[in-house]
Amino acid sequence: MVDQGHDSRPTPTQSSFAGDPAQAWSLRRAVDALAHAARDAGRPSSLWLAGLLYPSIGLGLLAGLANLLVDGNAALGLVAAGDRESLFQTVGYTLGGAFGLVLMTPLLFFVFRLQAGLARIAPPAVWAEISRISGPPRLRHAWRAGRGLTAAAGGLNVLLIVTMGAVLALVCLPIVFLWEGLYNNIGKEFGAMIWLGVLLPGLAFLSIYAVLLSILQLLALQSLASNKRGVASALTHAWRLAKHDPWSTGRTVAVGLMLDLAISVLSVGLSLLGDILPVGETLVVGLATMALLGFAGVTRAGYWARAYQALGGWSTQACRPEIELVSPGGS
């Protein structure tokens, strides 16, 4: 006998990567969500400046810290080799990179506020309401929406950067030093075996770990923006959403990577075009690349706002554009 009243929709454990059409977040619906987000973000706007900062700033800071570590390691090697001229040059690059990070610290206030603000206006209902009241969302809307969320967004970024840096220091760097020692003292053949057997799997683990942190960052940013909660609460909420339905989380990431891949290909194409154009026209190519990246950031915010809702995320502090974002007279 078949229970006619039983809900036959697939549960997370019965699902597949493509998902059932009855699911709220099948692969087709995820692709549609990305298309809708791209259409919303497609009109050129000052909001693209906020898109440049979403949420790649954490990866950028991590890359800066990683470069400092690499330069420091290179400096130690030059000390051992006695190459003073190259050593001074390397130390200069390292100090310059550190000084650059210090100089950009005050700018992080604007970065974190715009990140949170863009996440807060990205949900379709909020975006549509802003568009109805004052036209397509602009940079000022993201700035106003980020009021009161700067510290939480900053704490989220810093925490994830520290976490990733700790993994680099505790897992990857010892493996790299081991490989270098064996490579120099035992031989190239054995060093190649160490690379394939130890270092390469370690790098694969690090890549997977970085993807997991990125998922938590994007969901947690949307959570704290939608609920005005703290960092720990937002990360806990993001983790629960991500692990509840691994298939839906996986297809969310896969569709998001489609956007990243497309933007990367277009960026490389623009870069190659800039190399063959006259010097005076490379500025145009550079501006086009920045606009492309800004569009991608706004699209990414809209996509993950939709994914957050589809994965079960809630909003207890919904943005009210008519009160919070639009001043009297609609300015």
Side-chain angles (χ1 to χ4, degrees), residues 24-26 28-55 110-153 156 217-230 233-234 237-238 241 248 252 255-256 259 291 293-331:
W25 195 242
S26 63
R28 176 177 295 180
R29 295 192 180 187
V31 173
D32 289 342
L34 181 62
H36 288 305
R39 186 173 64 240
D40 287 344
R43 182 172 178 176
S45 159
S46 58
L47 190 62
W48 285 5
L49 295 176
L52 286 171
L53 309 174
Y54 192 95
F110 301 97
V111 171
F112 296 148
R113 178 163 174 171
L114 287 174
Q115 276 188 349
L118 179 54
R120 196 152 189 253
I121 67 174
V126 179
W127 189 281
E129 184 65 12
I130 296 174
S131 300
R132 184 187 68 82
I133 296 174
S134 60
R138 296 179 176 85
L139 186 65
R140 68 173 186 267
H141 296 115
W143 178 257
R144 292 171 182 171
R147 184 184 297 113
L149 297 172
T150 306
L156 175 64
Q217 180 185 21
L218 290 164
L219 290 177
L221 182 60
Q222 192 61 50
S223 178
L224 69 86
S226 300
N227 302 282
K228 292 189 174 181
R229 59 175 68 203
S233 178
H237 188 206
L241 293 178
S248 293
T252 301
V255 174
L259 172 65
L293 296 177
F295 158 76
V298 177
T299 301
R300 191 177 298 112
Y303 171 71
W304 279 93
R306 290 167 168 80
Y308 171 80
Q309 295 174 350
L311 293 174
W314 61 81
S315 176
T316 60
Q317 298 287 333
C319 184
R320 297 174 295 174
E322 71 280 2
I323 297 176
E324 300 179 48
L325 307 183
V326 181
S327 62
S331 61

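As the structure is a computational prediction, the values presented were derived from the model and not from experiment. When a residue number appears, it is its place in the shown sequence, counting from 1.
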Looking at side-chain heavy atoms only, is the closest gap between Q115 and V111 below 4.5 Å? yes

To the nearest 0.5 Å, tell me how far N227 CG sits from T316 OG1. 3.5 Å

Counting C-beta onward and ignoring hydrogens, is there a side-chain heavy-atom pair between T252 and W304 closer than 4.5 Å? yes

Which heavy atom of G313 sits nearest to which heavy atom of L241, and what is that distance? N-CD2, 3.7 Å

Under the salt bridge (charged side-chain N to carboxylate O under 4.0 Å, His left out) rule, what pairs show up with a residue in residues 303-313, not counting sequence neighbours? D40-R306

Partners passing salt bridge (Lys or Arg N to Asp or Glu O under 4.0 Å) against R113 (at least two apart in sequence or in another chain): none

Heavy atoms of R300 and P55 approach each other most closely as CD-CD, 4.0 Å

Taking all atoms of both residues into account, what is the closest heavy-atom pair of L47 and V298, and its distance? O-CG2, 3.6 Å

How many angstroms lie between CG in L224 and NE2 in H237, if you round to the nearest 0.5 Å? 11.5 Å

Checking S45 side chain against R138 main chain: does a donor-acceptor pair fall under 3.5 Å? no

Determine whether a donor-acceptor pair (N or O, by modelled atom type, separation under 3.5 Å) exists between the side chain of T299 and the backbone of F295. yes

Quiz: residues 117-125 side-chain donor-acceptor pairs under 3.5 angstrom, not counting sequence neighbours:
unit_1 : atom_1 : unit_2 : atom_2 : d
R120   : NE     : A225   : O      : 3.2
R120   : NH1    : E324   : OE1    : 2.5
R120   : NH2    : Q317   : O      : 3.1

Heavy-atom closest pair, residues L325 and A145: CD2-N, 3.4 Å

Checking side-chain polar atoms at under 3.5 Å, does H36 have a donor or acceptor matched by the opposite partner on R39? yes

W48 (side chain) donor-acceptor with A41 (main chain) under 3.5 angstrom: yes

Minimum heavy-atom separation for S226 and W314, please, with both atom names. CB-O, 4.0 Å

What pair of heavy atoms forms the shortest contact from A238 to A220, and how long is it? CB-N, 3.6 Å

Nearest 0.5 Å please: distance from the CG atom of L114 over to the OH atom of Y54. 12.5 Å

d(K228 NZ, C319 SG) to nearest 0.5 Å is 8.0 Å

